[in-house]
Amino acid sequence: MTTRCEVTELFTDQCAHCRRITDEPAPNLYANRPQTFARFPGWCAGCGEVFGPGELIRSDGIDGWVAECCAGDAP
């Protein structure tokens with residue numbers, strides 16, 4: 001039998017309160033990587049969106065590049 005949360009009355013395995021999920025945004029894992037301008041068109045390793053030459057991109061730390069859509073504009 002699955003137990004219920006005393007606060008939300010949802011099953012504890014489906015309750016954000018019990019699973020300790022907050023509304024805080026996820027940290028930007030790419031924020032500390034240096035930005036560079038794309039010399040060639042490509043696609044964002046984070047979401048697959050296409051970026052073009054001249055757009056700011058960052059390394060994803062593996063073998064791809066993330067564009068502003070996923071890397072944000074944080075330095």
Which atom of [X] lies closest to which atom of [Y], heavy atoms considered:
| X | Y | answer |
| --- | --- | --- |
| Phe51 | Ala67 | CD2-CB, 3.9 Å |
| Cys15 | Thr8 | SG-OG1, 3.1 Å |
| Ile62 | Asp60 | N-OD1, 2.8 Å |

Side-chain contact, heavy-atom cut-off 4.5 Å: [X] with [Y]?
| X | Y | value |
| --- | --- | --- |
| Thr36 | Ile57 | yes |
| Trp65 | Ser59 | yes |
| Phe37 | Leu56 | yes |

Nearest 0.5 Å, please: how far is SG in Cys18 from CZ in Arg4?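 Result: 11.5 Å between the selected atoms.
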Separation between SG of Cys5 and CZ of Arg19, rounded to the nearest 0.5 Å: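 The CZ atom of Arg19 is 12.5 Å from SG of Cys5, to the nearest 0.5 Å.
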Any donor and acceptor pair, going by atom type alone, linking the side chain of Gln14 with main-chain N or O of Phe11 inside 3.5 Å? no
Distance-only, no hydrogens or angles: does the Arg58 side chain make a donor-acceptor pair with backbone N or O of Arg33 under 3.5 Å?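 Here the side-chain-to-backbone pair exists.
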Under the side-chain contact (heavy atoms from CB on, under 4.5 Å) test, residues paired with Glu49 that sit two or more places apart: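 Per chain and number, Glu49 pairs via side-chain contact (heavy atoms from CB on, under 4.5 Å) with Cys47, Cys69.
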